[in-house]
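A short worksheet on the structure shown next.
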Amino acid sequence: MKEVFLAKTFAGFENLLQKELHQLGAKNTAVLNRSVQFEGDFNLLYRVNYASRFASRVLWQMKHFTFATNNDYYREIFDFPAEKYLSRSGTFAVSCTAFESIFKTPLFASLLTKDAICDRFRDKFGERPDVDKENPEVQFHIHIHKNCAILYLDSSGESLHKRGYKVSNHPASINEITAAAMVTLSGWDRNSDFIDPMCGGGTILIEAAMQALNIPAGYYRENYGFYKWLNFDKYLWKQTRNEFAIQDDIPIDLYGYDCIPRFLGMAKANIEKARLEDFILLNKRDMRTVKPMHTPSMIVFNPPYGERLETEDNNLFYKEIGDALKQNFSNCKAFLISSNLDALKHIGLKTCFKQNIFNGALECKYYGYDLFSGKFAPANKTHHGNYKIDRK
Ligand SMILES: C[S@@+](CC[C@H](N)C(=O)[O-])C[C@H]1O[C@@H](n2cnc3c(N)ncnc32)[C@H](O)[C@@H]1O
């Protein structure tokens, strides 16, 4: 059966997400603001939740209606058969976005939605589910624009950037969706070494290894919103996960450096949780002294922006980063993300790639640099690992 879904993402990643959705089998995709609408069946809904690297959540469109008064609105929600998805003794929550509507606040629309759902249960069964804002079993979302409303069920639950491998959280950790986009936009081909010279908790390295080995984004995740729906199809879910073949015998080499041992300890814990330690080597090093083991290498990183981690003189520090890239990484490509526009000007290298991207709520620039004089030829090298994911 064909259903309508909405995958949410960050501003700037809509096209990446649309392409990914096509690859996963979505039909009739349409790019909207920070989201992509698409059509498909339940298999696709599960597949997108499991495999999408660029979606933050996936909503299932339940009902589309127009209304003129509070009563009209209440009646439309009351008529929706919520008992197909939510049990009488279950818990639920309602979130709302509303623009130019008759409701003074989105909160009012949420409360009216909640009342209509509860009243329907009370009328039909003499009992009603409870509201649990923190950890609901079923999460409804209502989007209102003027007199049009769309009721959705949130199939993801916690945001999909929570992949399940972060056991240790770096204070300036990059969002996993942003890290995945940085890797994809860099065009890394898996043949050359991949280096994050300021790796912190290791997010970019892990996302790069997952992409290279075809590990689904949700491989380590233990929970999804749809697990608690009454129509959850366990068999289909298992089948969907089995569609993905991890390529764990591919010889890829990733290197992570950081000057602070505590942060390297965090990266180690996260990499071990993802069972990627055969592919990623970590070392304590100042970025300004790092040299690639082989050329060409791909360098992707997020230096401190001067917001959450202080450096003494950001402009000077960024100049030193630029100097180090130029002197130590010739014949390589480097990509870096930063929200510090002033400091970025001090890198002093000609960009070959520029894009505005978001790291969570923070607007950033993502810049790429060609650091080679000749051809970007495939590497001729020996490898550091034995390349098997230990699937405990
Ligand atoms: C913004 S954080 C990186 C966060 C990381 N991408 C993650 O997701 O956890 C920047 C990192 O650069 C490291 N750093 C700062 N100066 C450095 C230097 N000169 N050499 C190596 N690492 C440095 C910091 O210790 C910090 O862990």
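Not measured: the values here are computed from a predicted model. Counting convention: from 1, in listed order, for ligands and their atoms alike.
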Check if E320 has a non-hydrogen atom at a distance under 4.0 Å from any atom of ligand 1. no
Which of these, V290, N169, T203, has its nearest heavy atom closest to atom 7 (C) of ligand 1? T203
Just to check, does F317 reach to within less than 4.0 Å of ligand 1 when the distance is taken from its heavy atoms? yes
Any carboxylate oxygen within less than 4.0 angstrom of a Lys/Arg side-chain nitrogen, looking at R221 and E158? no
Would you list the pairs meeting ring-ring contact (aromatic ring centres under 6.0 Å, His included) in which at least one residue belongs to residues 12-37, sequence neighbours left out? none
N/O separation below 3.5 Å, D196 to ligand 1: no
E277 backbone acceptor or donor facing E272 side chain under 3.5 Å: no
Test item, P197 contacting ligand 1 (heavy atom, 4.0 angstrom): yes
Who clusters with I150? Use side-chain heavy atoms, under 4.5 angstrom, across I, L, V, M, F, W and Y, and order the result by chain and number. L6, L32, L59, Y152
Take a 6.0 Å sphere around NZ of K228 and say whether it holds more than 12 heavy atoms from other residues, nucleotides or ligands. no
Looking only at N/O atoms, are I174 and ligand 1 under 3.5 Å apart anywhere? yes
Does any N or O of ligand 1 fall below 3.5 Å from an N or O anywhere on Y257, backbone included? no
Quick check: does G201 get an N/O under 3.5 Å from an N/O on ligand 1? yes
With atoms numbered from 1 as shown, which atoms in ligand 1 lie under 4.0 angstrom from a non-hydrogen atom of A172? 1 (C), 4 (C)
Would you check the N or O atoms of D258, main chain and side chain alike, for any that come under 3.5 Å of an N or O of ligand 1? yes
Here the gap from L325 atom CG to E320 atom CD, rounded to the nearest 0.5 Å, amounts to 12.0 Å
Roughly how far, to the nearest 0.5 Å, is the SG atom of C332 from the NZ atom of K326? 14.5 Å
Atoms of ligand 1, numbered as shown, that sit under 4.0 Å from any heavy atom of M287: 18 (C), 19 (N), 20 (N), 21 (C)
From L112 CG over to L107 CG, what is the distance, rounded to the nearest 0.5 angstrom? 11.0 Å
Short list, please: which atoms of ligand 1 are under 4.0 Å from a heavy atom of C199? 5 (C), 6 (N), 7 (C), 9 (O)
Which atoms from ligand 1 have a heavy atom of R285 less than 4.0 Å away? 20 (N), 21 (C)
Where on A179 is there a heavy atom closer than 4.0 Å to ligand 1, on the side chain, on the backbone, on both, or on neither? neither
Run the ring-centre check on F226 versus Y85 and record whether the distance is less than 6.0 Å. no
Kindly identify the option in M266, H170, M198, E176 whose heavy atom sits closest to atom 12 (O) of ligand 1. M198
Do F232 and Y46 have side-chain heavy atoms sitting under 4.5 Å apart? yes
Whether F263 lies under 4.0 Å from ligand 1, heavy atom: yes
Has ligand 1 got any nitrogen or oxygen that is less than 3.5 angstrom from a nitrogen or oxygen of P304? no
Examine R75 relative to F78 and say whether NZ or CZ is less than 6.0 Å from the centre of the six-membered ring and inside a 45° cone about the ring axis. yes
Contact atoms of ligand 1, heavy-atom distance to I260 under 4.0 Å: 25 (O)
